[in-house]
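I have placed the structure first, in the form of structure tokens, so that the comments after it can refer back to it.
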Amino acid sequence: MTSPVPASVGHALRELDTPCLTLDLDAFERNVDRLFESLRDFPGAVRPHAKSHKCPELARRLVAKGAVGICCQKVSEAEVFADHGIEDILVANEFVGEAKLRRYLGLARRVPRLACCVDDPRQAAALSAAAVQAGLVLQVLVEVDVGQGRCGVADAEAAVAMAMTVTGLPGLSFSGLQGYHGAAQHFRSADERAAAISAASAKMAQIRDALAQQGVVCKTITGAGTGSYLLEAASGVYNELQPGSFVFMDVDYRRNHLEGSPMPAFEQSLFVAATVMSQPTAQRAVVDAGLKAFSVDSGLPELVGVTGARYVKASDEHGVLEVDAGAVVALGDVVRIAPGHCDPTVNLYDHLVVLQEGLVKDIWPIAARGCLA
Ligand SMILES: Cc1ncc(COP(=O)(O)O)c(C=O)c1O
């Protein structure tokens with residue numbers, strides 16, 4: 001069951017049923033243009049990660065601007081985007097178990113271009129057996145841990161062995177490597193990020209070259225996020241990029257050191273609209289958006305556009321604003337608040353209220369919200 005639609009086309013900000021998630025359409029479009037402009041000399045593909053937005057309309061707009069397709073993190077997310085006509089999907093992640101395999105084979109039957117990642121021979125063997133039984137050939141990338149310390153084969157030698165295993169299995173077609181350095185996205189200094197991606201690229205190149213010596217071609221070498229994608233693009237190794245957060249940005253990403261940074265000046269386009277629902281003292285106002293309205297794993301959200309007031313505390317349904325003398329905050333005001341971390345905040349909402357020049361222009365369903373399987 002989805003929540004009620006919080007606005008109608010033509011509504012102004014103060015008429016929204018808050019808390020609700022809003023998109024500044026012009027800022028979003030400028031972010032997309034900046035991304036593609038920054039990659040005009042990149043000969044490879046751009047495959048923005050849909051885990052950030054979970055919104056088919058937004059994915060369609062990125063494809064219309066030149067994206068080859070999307071990444072998803074979950075099989076169930078991929079199902080939603082496939083239902084909405086996205087024809088080129090990389091599940092940039094591993095999955096195991098009968099239920100997921102069954103669902104993935106269902107996707108493979110209807111998505112024209114579909115691929116997924118493996119990092120374990122047992123997982124590859126199960127995928128292979130399922131593919132053979134279904135009479136399908138599945139495109140598979142080997143994920144390599146390039147410093148994130150999450151999934152991915154740990155070292156180059158093991159990655160080569162894993163790729164050779166995939167190559168030898170029926171029902172699987174080895175299409176390349178994935179190496180995403182998530183931690184590097186949030187390194188504050190440009191030098192630190194450059195060093196991390198340089199090491200990642202060198203590792204990927206080493207694996208690519210070792211495979212080439214055995215006659216195995218890595219068609220795709222994919223990875224990268226908003227904080228580092230220009231480095232992967234310039235590496236001469238990666239030929240596909242997966243940035244996601246650039247469409248929205250968030251408080252944490254804005255803290256990335258921009259000067260000399262390998263990241264264009266993307267703008268905040270995603271805001272939670274909240275109402276001042278209590279004003280107990282001159283120094284304290286309370287909005288109707290707290291922990292259930294924002295993910296705070298990367299820090300508190302930030303009040304935008306109100307001078308002299310700050311979001312200082314979140315409890316389940318409340319957000320406390322600290323208000324300086326002279327700041328204009330009144331009971332009933334609808335304010336805009338930038339999330340600390342965009343992806344998990346988006347996953348709390350069913351609708352994206354699209355604003356242009358202060359008015360609701362459209363409502364886009366966040367159709368893959370809650371798709372965790
Ligand atoms: C595999 C993978 N690729 C790409 C991204 C997108 O990165 P970002 O949101 O930093 O742009 C993520 C985000 O976590 C990811 O896990």
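Heavy-atom basis, side chains included; hydrogens, waters and symmetry copies ignored. Just so you know, ligand 1 is whichever comes first in the structure, and atom 1 is the first atom listed for that ligand. All values reported here derive from a predicted model rather than from experimental measurement.
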Table please: side-chain donor-acceptor pairs of residues 366-373 below 3.5 Å, with sequence neighbours left out.
| residue | atom | partner | partner atom | Å |
| --- | --- | --- | --- | --- |
| Arg369 | NE | Asp350 | OD1 | 2.6 |
| Arg369 | NH1 | Asn347 | O | 2.8 |

Indicate every side-chain donor-acceptor pair of residues 157-175 with a distance under 3.5 Å to a residue at least two apart or in another chain.
| residue | atom | partner | partner atom | Å |
| --- | --- | --- | --- | --- |
| Thr165 | OG1 | Ala161 | O | 2.9 |
| Thr167 | OG1 | Ala163 | O | 2.7 |
| Ser175 | OG | Val140 | O | 3.3 |

Lys/Arg-Asp/Glu bridge criterion (N-O < 4.0 Å) met for Asp324, Arg310: yes

Distance-only side-chain donor-acceptor flag, Gln356 / Asp26, under 3.5 Å: yes

Pairwise, report which nitrogen or oxygen atoms of ligand 1 are under 3.5 angstrom from protein nitrogen or oxygen atoms, and how far apart they are.
| residue | atom | partner | partner atom | Å |
| --- | --- | --- | --- | --- |
| ligand 1 | 3 (N) | Gln242 | OE1 | 2.6 |
| ligand 1 | 7 (O) | Tyr180 | OH | 3.1 |
| ligand 1 | 9 (O) | Ser245 | N | 3.2 |
| ligand 1 | 9 (O) | Ser245 | OG | 2.5 |
| ligand 1 | 10 (O) | Tyr253 | OH | 2.5 |
| ligand 1 | 11 (O) | Thr226 | N | 2.8 |
| ligand 1 | 11 (O) | Thr226 | OG1 | 2.6 |
| ligand 1 | 11 (O) | Gly244 | N | 2.7 |
| ligand 1 | 11 (O) | Ser245 | N | 3.1 |
| ligand 1 | 14 (O) | Lys51 | NZ | 3.0 |
| ligand 1 | 14 (O) | Tyr180 | OH | 3.4 |
| ligand 1 | 16 (O) | Gln73 | NE2 | 3.0 |
| ligand 1 | 16 (O) | Arg150 | NH2 | 3.1 |

Arg61 bridged to Glu29 by N-O distance under 4.0 Å: yes

What pairs of donor and acceptor atoms, side-chain ones from residues 197-220 against any protein atom, are under 3.5 angstrom apart with sequence neighbours left out?
| residue | atom | partner | partner atom | Å |
| --- | --- | --- | --- | --- |
| Ser201 | OG | Ile197 | O | 2.8 |
| Lys203 | NZ | Asp145 | O | 2.8 |
| Lys203 | NZ | Ala154 | O | 2.5 |

